[in-house]
Amino acid sequence: MIDIRLVREDADTVKAALGRRGVDAVEIDRLVALDAAARSAVGSRDELRARVKALSREVGEARRAGDTARAETLAAESRAAGDEERTHNNRAEAAQEAVRRALLYLPNLPDAEAPDGAGPEDNVVVRTWPEAPAAYGDHQRVPHWDIGAQLGLLDMARGAKLSGSMFPLYRGAGARLVRALESFALDRHADEYEEIRPPTLVLTETMVSTGHLPKFEEDAYHVERDDLWAIPTAEVPLTSMWRGDVLDEADLPLRLTAGTACYRREAGAAGRDTRGLLRVHEFEKVELFAYTTPEQARPQLASMVARAEGMLRDLGLRYRVLDLCSGDIGNSAARTFDLEVYSPGVDMWLEVSSVSWCSDYQARRAAIRYRPAAGGGPVFVHTLNGSALAWARIWAALVETGRQPDGSVVLPEVLAPYLRGGTVLGAG
RNA sequence: GGAGGGAUGGCAGAGCGGACGAAUGCACGGCUCUUGAAAAGCCGCGAGGUGCGAGCCUCCGUGGGUUCGAAUCCCACUCCCUCCGCCA
């Protein structure tokens, strides 16, 4: 969440920044009013509390002095003040809860450098690799679901039989390819990132910390019996690893990577791009994650984009980098770069990575701070996360791109060590 | 699932109804001593909110309760540890 003090002291800046992402200024005015009401309620509550405490102290003194009559009088007075305090307290707590709730629903302020825009159509293509348009043969113009079925790599029908539509089931070499990709990614980032294997069912608090709750409840799977949520991304558990903690500046940047299944209900995307692996409810993804100081955040963001890009180059996939406009940046992020690969069979650009800088928005929700080496009180860390990469769509792009005139699929050499050398699928 | 123990500041750990936001140690910051460092000594040192300020308020796992007054007593819950049972 954003800092209530910023809202209070400079509402115009907040209105302007959030206006860039389509938040109505009226919401800020409402929040300012709620905040003023809450502070006034807390003030009168606190005055009464101070009175009760002072009287109680006097009761104790009178009692020790043996003045029972005086003690009784003071106790009665304190009791009356306490009753009054209770009603004021209820009012104050309700007012504070209203402020907190409003803050939890407000998105992060976009970074000044993020381009302006209302929606996906306004995102800026920063670069495309390779720059020259690539030529694709007819043999590559076959969608991955057909290739997957032909070569026995992907069985969407049996996946649906088990779990409903949009739950892929990989078979044989197709399954091995997913595993290979995950190992390839984790090994590649082991130089700077500690590998984590987190739980994928998490508490409500863990989902609130990243901003996935309460606003986006409809997008997540919930296990009701135990009140646990299936993570939509490893960013969720990784953010909460140090929730409520105070780190040392020397610990930063603290970088983590994790390969997990990701679960998404895709509630708002009914019927759109749902064939094959384009949009699925469950997919594997390797995530890069970092806690940093504010100064380290921008270079860290650039570094994460570069790492994801490097993988796409080595996988031989054509891709482009998008600088998301203010209207399309995710709720918790201040700046986001998306990576899309071109997949010739479906003739589409597929989003395979989203790298975001969340400034202190998540850290404030999760109370993650660090003690500056230069001294002074603890300050909020910055959090960054980026996919490297999401495998379902990479799988699709690899299979479509690598398809040969004879119908077999040739995979990039970098995966050879993870495929027991077998980089050709369906040969002969 | 059963029995027992526990949860207090960055960490460890005392306190078990009244000046306790909390002893002590470690860590950390400043100073003295020293050529420098170490050691030693002295001083400081939790977080948040609110107020121009003195100050006031909140926080001892969470939520309720008892009381004039709760870190301290009672109830419920969560989590951790030990043992037993079950289990991939």
Side-chain angles (χ1 to χ4, degrees), chain A residues 1-9 31-104 197-209 223-229 237 240-252 254 291 293 360 363-381:
Chain A
M1 56 194 157
I2 61 176
D3 191 347
I4 184 63
R5 278 172 298 191
L6 180 64
V7 177
R8 193 182 295 153
E9 287 158 19
L31 178 55
V32 168
L34 283 174
D35 174 55
R39 278 188 298 158
S40 132
V42 168
S44 56
R45 189 267 317 266
D46 285 356
E47 261 175 56
L48 282 162
R49 275 195 184 165
R51 187 167 153 69
V52 170
K53 287 181 92 165
L55 284 167
S56 295
R57 206 174 303 131
E58 287 183 54
V59 172
E61 281 163 11
R63 204 151 274 171
R64 268 192 298 281
D67 190 346
T68 315
R70 182 173 149 73
E72 288 307 316
T73 309
L74 287 166
E77 212 176 313
S78 174
R79 202 178 301 126
D83 287 343
E84 201 183 339
E85 187 266 353
R86 216 181 312 271
T87 59
H88 281 257
N89 184 42
N90 290 341
R91 194 182 309 158
E93 283 184 355
Q96 285 183 309
E97 181 53 31
V99 171
R100 182 175 158 73
R101 200 169 166 74
L103 274 175
L104 280 178
R197 195 83 186 182
T200 52
L201 293 179
V202 299
L203 301 172
T204 296
E205 205 182 339
T206 304
M207 289 282 278
V208 170
S209 292
V223 183
E224 229 172 84
R225 187 185 174 94
D226 297 292
D227 193 18
L228 290 169
W229 300 82
S240 280
M241 275 182 73
W242 276 273
R243 184 175 68 218
D245 287 337
V246 180
L247 299 159
D248 283 327
E249 182 169 350
D251 296 333
L252 304 176
L254 182 48
Y291 299 94
T293 67
D360 60 3
R364 186 170 285 110
R365 293 170 88 105
I368 305 162
R369 294 170 296 173
Y370 73 96
R371 206 173 289 284
V379 303
F380 290 112
V381 301

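Here is how names work: the chains are called A, B, and so on, in the same order as the sequence lines, proteins then strands, and each is numbered from 1.
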S.K.: Could you please name the partner base of A37(B), counting Watson-Crick and G-U wobble pairs only when both distances are under 3.5 Å?
M.R.: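 Answer to the pairing question: none, since A37(B) forms no Watson-Crick or G-U pair.
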S.K.: Regarding Arg5(A), tell me which of base, sugar-phosphate or nothing describes its non-hydrogen contacts under 4.0 Å with the strands shown.
M.R.: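 If one applies the 4.0 Å heavy-atom cut-off, Arg5(A) turns out to touch the sugar-phosphate alone, with no base involved.
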S.K.: Base, sugar-phosphate alone, or nothing: which one does Glu72(A) contact when heavy atoms must sit under 4.0 Å apart?
M.R.: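 Nothing, no nucleic acid heavy atom in range.
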S.K.: Tell me: CZ of Arg39(A) to P of C56(B), nearest whole Å?
M.R.: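 The answer, rounded to whole Å, is 21 Å.
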S.K.: Taking any heavy-atom pair under 4.0 Å as a contact, classify Ser78(A): base, sugar-phosphate, or nothing.
M.R.: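 It contacts sugar-phosphate atoms only.
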S.K.: Hey, is Glu58(A) close enough to Arg70(A) for a salt bridge, meaning N to O under 4.0 Å?
M.R.: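 Salt bridge present between Glu58(A) and Arg70(A).
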S.K.: According to the Watson-Crick and G-U wobble definitions, with both distances under 3.5 Å, which nucleotide is paired to C59(B)?
M.R.: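 The answer is G46(B), by the H-bond criterion.
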S.K.: Would you check if there is a donor-acceptor pair between the side chains of Thr206(A) and Arg243(A) at a distance under 3.5 Å?
M.R.: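 The answer is yes; a qualifying pair exists.
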S.K.: If you only use heavy atoms from C-beta on, which nucleotide in A47(B), C57(B), G18(B) is closest to the side chain of Arg49(A)?
M.R.: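 For the Arg49(A) side chain, the nearest candidate turns out to be C57(B).
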S.K.: Identify the nucleotide, in any strand shown, that forms a Watson-Crick or G-U wobble pair with A12(B), with both distances under 3.5 Å; if there is none, say none.
M.R.: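 A12(B) is paired with U24(B).
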S.K.: Among G48(B), C68(B), C57(B), find the nucleotide with the atom closest to the side chain of Arg369(A).
M.R.: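 So the nucleotide nearest the side chain must be G48(B).
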S.K.: Under a 3.5 Å limit for both distances, which nucleotide forms a Watson-Crick or G-U wobble pair with U66(B), could you say?
M.R.: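 Because no pair has both required distances under 3.5 Å, U66(B) counts as unpaired.
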S.K.: For G53(B), which nucleotide is its Watson-Crick or G-U wobble mate, given both distances must be under 3.5 Å?
M.R.: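 WC or wobble partner does not exist here.
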